[in-house]
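By convention here, the first residue in the shown sequence is residue 1. What you see is a predicted model; the values in this text were computed from it and never measured.
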Amino acid sequence: MKNHPLSKGAPLAATKRHIFLDALRGFALLGVCLANYPEFSLFTFQPDSVVESMPSFRIDNIVKFIQYLLINGKFYTLFSLLFGIGFSIIISHAAERGADGMRIFYRRMLILALIGCSHLMLLWSGDILLLYAVLGMILPLFRKLSDQKIIIVAIFLLILPVVIDFICQHYGIFLAGYPYRKWWEYATLYGITEENFGTWLRDAVSYPDVFKFLKQGAWERMYEFIDGNRYFKVLGLFLIGFVVGRHRIYADLKAYKKLLFRIVSIGFIIGFPLSFLYAWSAIFSHPLGNGMHSLLYAVSVYPLGFGYAALLGLFCIHHPNWKIWSFIAAPGRMALTNYISQSVIGIFLFYGIGFALGASVGLAATELIALCVFTFQIIFSKCWLSFFRFGPLEWVWRMLTYGKWLKLTK
């Protein structure tokens, strides 16, 4: 293995990690868990008649509004930024070692694509890893551009979905028609209908039944990506994260204190009030039209998401010795393992092949369960990292990426 073309590259040692990035990743992981578990519990797929009959209906409505106000879109924004930062770290780290940074990066993305595809087809239809891996392969095209040009391209990509949605609304264009038809073609093939869509997974008594839902769910996911113009949004956030990583802002937060304060001020002054309008639009099914809803998303979700990241940075500057940082950072160091395990735990709790709690749990209870799951992941991650250098999936991912055996135990 000594002469392997990737042998000069290696993952970051624990001493070179930046706790702010791990803490931000852990914070994002919490938000993703809160955002995803309403789908695992099947609450999202319940008709109004079922939701209104739940004892927790009133509190669920409040929680739903808070979810759109503070959670929806903001945390996948953080994860996308972190991905762009990670790209810059991989390239700079490989350059320091004299390794072929591009080969390492593309190999890393290919393995992530395989992990994402497996997650999408075998565990959960809401996977984001496959999209991240595919779009990540485009990132090297921008690495030699100036910061100004990258930011211009990023802003263009973030605004483009708004323009597309207004055009589609005006001319009655449905861009996601093909995956939508394939979605319901497969659903009909397996007997999945609008009536049993919200209970299929709860009633599934075997994994083959779950797999049928996952196959049609993969087409549903493709429909969601196209209908929501998700690829433009994610790539734009990747590029902003790349610029942040290029300047190593995460490594010297004090030097960028004024910038962080400005981002927090603008993010919350603009993003927070407009998030009320976005939440109202989402709950009442876009009463002002898809174009206006897309605009509200852009002017609320991105500023507030950036504000979250900058606020965490300011806390890290003023309170560097808080013990809470190590607790939030622990699941962040094992983000891939914890992201996948959230799916496994969700299946175990809510599907018929597990405890079959799905379709009977309100939104407030679902979010409480999500908090418990993340608390468990904090404890598990702290314990695991006391004995091991990487999370289990991170360990495998790194070994396949660098093409050599890596010691797991400390």
Side-chain angles (χ1 to χ4, degrees), residues 28 31-32 34-40 44-45 64 67-81 83-84 116 119-120 124-136 138 154-184 187 197 216-241 271 274-275 277-306 339:
V32 166
L34 292 170
N36 288 345
Y37 261 55
E39 293 198 10
F40 275 112
T44 303
F45 308 124
K64 185 176 182 179
Q67 187 183 38
Y68 279 113
L69 176 67
L70 300 177
I71 297 173
N72 186 268
K74 284 79 173 179
F75 289 90
Y76 109 75
T77 293
L78 293 182
F79 254 128
S80 300
L81 287 173
F83 189 96
H119 184 227
L120 176 72
W124 189 48
S125 301
D127 172 76
I128 194 69
L129 299 179
L130 180 58
L131 179 67
Y132 273 24
V134 172
L135 293 179
I138 302 175
I155 293 174
F156 172 78
L157 290 171
L158 295 179
I159 294 176
L160 186 57
V162 179
V163 177
I164 292 174
D165 284 338
F166 270 114
I167 292 174
C168 290
Q169 177 183 317
H170 181 75
Y171 291 102
I173 301 171
F174 185 36
L175 296 176
Y178 179 75
Y180 182 84
R181 290 190 296 272
K182 296 298 290 186
W183 165 23
W184 283 106
F197 195 88
Q216 62 87 39
W219 281 106
E220 180 190 6
R221 191 59 169 163
M222 296 304 105
Y223 154 73
E224 291 173 350
F225 284 158
I226 296 173
D227 191 57
N229 300 295
R230 182 71 68 89
Y231 30 80
F232 295 127
K233 299 173 183 177
V234 169
L235 185 56
L237 293 169
F238 281 179
L239 293 175
I240 293 175
L274 290 174
S275 286
L277 292 176
Y278 167 70
W280 168 80
S281 177
I283 288 176
F284 291 99
S285 302
H286 315 173
L288 301 179
N290 289 337
M292 184 58 68
H293 182 75
S294 183
L295 177 62
L296 288 173
Y297 181 99
V299 297
S300 63
V301 168
Y302 302 138
L304 196 54
F306 298 156
Y339 176 72

Where Ile71 and Gly31 come nearest, the two heavy atoms and their spacing
CG2-O, 3.7 Å
Side-chain contact, heavy-atom cut-off 4.5 Å: Leu288 with Trp280?
yes
Evaluate the ring planes of Phe45 and Phe197, with Trp represented by its six-membered ring, and classify them as parallel (under 30°), tilted (30 to 60°) or perpendicular (over 60°).
perpendicular
What's the shortest heavy-atom distance between Pro179 and Ile226, and which atoms?
CG-CD1, 3.8 Å
Derivation and outcome, side-chain contact (heavy atoms from CB on, under 4.5 Å), residues Leu160 and Asn229:
CA-CA 9 Å; Leu160 186 57; Asn229 300 295; over 6 Å; no
What's the spacing between Phe232 CZ and Ile164 CD1 if we round to 0.5 Å?
4.5 Å
Side chains of Leu34 and Phe75: closer than 4.5 Å at any heavy-atom pair?
no
I want to check something: taking the side chain as every heavy atom from C-beta on, are Gln67 and Pro38 in contact at a cut-off of under 4.5 Å?
yes
Look up atom CG in Leu239 and atom CD1 in Ile138, then write down how far apart they are to the nearest 0.5 Å.
9.5 Å
Using 0.5 Å steps for rounding, measure from the CD1 atom of Ile240 to the CG atom of Leu158.
5.0 Å
Are the side chains of Leu120 and Arg221 in touch, meaning some heavy atoms are under 4.5 Å apart?
yes
Within-4.5 Å side-chain heavy-atom neighbours: Leu175 and Cys168
yes
For the atom pair CG (Asp227) and CE (Met222), what is the distance rounded to the nearest 0.5 Å?
13.0 Å
Under the criterion ring-ring contact (aromatic ring centres under 6.0 Å, His included), which of Tyr178, Tyr223, Trp219 is the partner of Trp183?
Tyr223
For Gly236 and Ala154, the nearest pair of non-hydrogen atoms, with its separation, is O-CB, 3.4 Å
Got Lys233 and Leu157 here, is their nearest side-chain heavy-atom distance under 4.5 Å?
no
Taking the side chain as C-beta and beyond, is there a heavy-atom pair between Val234 and Phe225 under 4.5 Å?
no
What one should report as the nearest heavy-atom pair of Thr77 and Gly305 is CG2-CA, 4.4 Å
Using 30° and 60° as the class limits, which term best fits the ring planes of Phe238 and Tyr132: parallel, tilted or perpendicular?
perpendicular
So Phe79 and Tyr76, ring pair (Phe, Tyr, Trp, His ring centres under 6.0 Å) or not? Walk me through it.
CA-CA 5 Å; Phe79 254 128; Tyr76 109 75; 9.6 Å; no
d(Glu220 CD, Gln216 CD) to nearest 0.5 Å is 6.0 Å
Checking Phe284, Tyr278, Tyr68, Phe166 against His293 for ring-ring contact (aromatic ring centres under 6.0 Å, His included), the one that qualifies is Tyr278
Quick check: do Ser275 and Lys74 have side-chain heavy atoms less than 4.5 Å from each other?
yes
Rounded distance [0.5 Å steps], CD1 in Ile128 versus CZ in Phe83
11.0 Å
Around Tyr171, counting heavy atoms of other residues, nucleotides and ligands shown, do more than 12 lie under 6.0 Å from its OH?
no
Can you name the nearest heavy-atom pair linking Ala218 to Ser125, along with the distance?
N-OG, 4.1 Å
Please walk me through it: do Tyr302 and Tyr297 pass ring pair (Phe, Tyr, Trp, His ring centres under 6.0 Å)?
CA-CA 8 Å; Tyr302 302 138; Tyr297 181 99; 5.7 Å; yes
Applying side-chain contact (heavy atoms from CB on, under 4.5 Å), run through His286 and Gln169 and close with a yes or a no.
CA-CA 12 Å; His286 315 173; Gln169 177 183 317; over 6 Å; no
Decide yes or no on side-chain contact (heavy atoms from CB on, under 4.5 Å) for Phe306 and Leu81, but give the supporting numbers first.
CA-CA 9 Å; Phe306 298 156; Leu81 287 173; 3.5 Å; yes
Closest non-hydrogen atoms of Ala298 and Val162, given as atom of the first, atom of the second and distance, are CB-CG2, 4.0 Å
Tell me whether Ser294 contacts the main-chain N or O of Asn290 through its side chain, where contact means a donor paired with an acceptor under 3.5 Å.
no
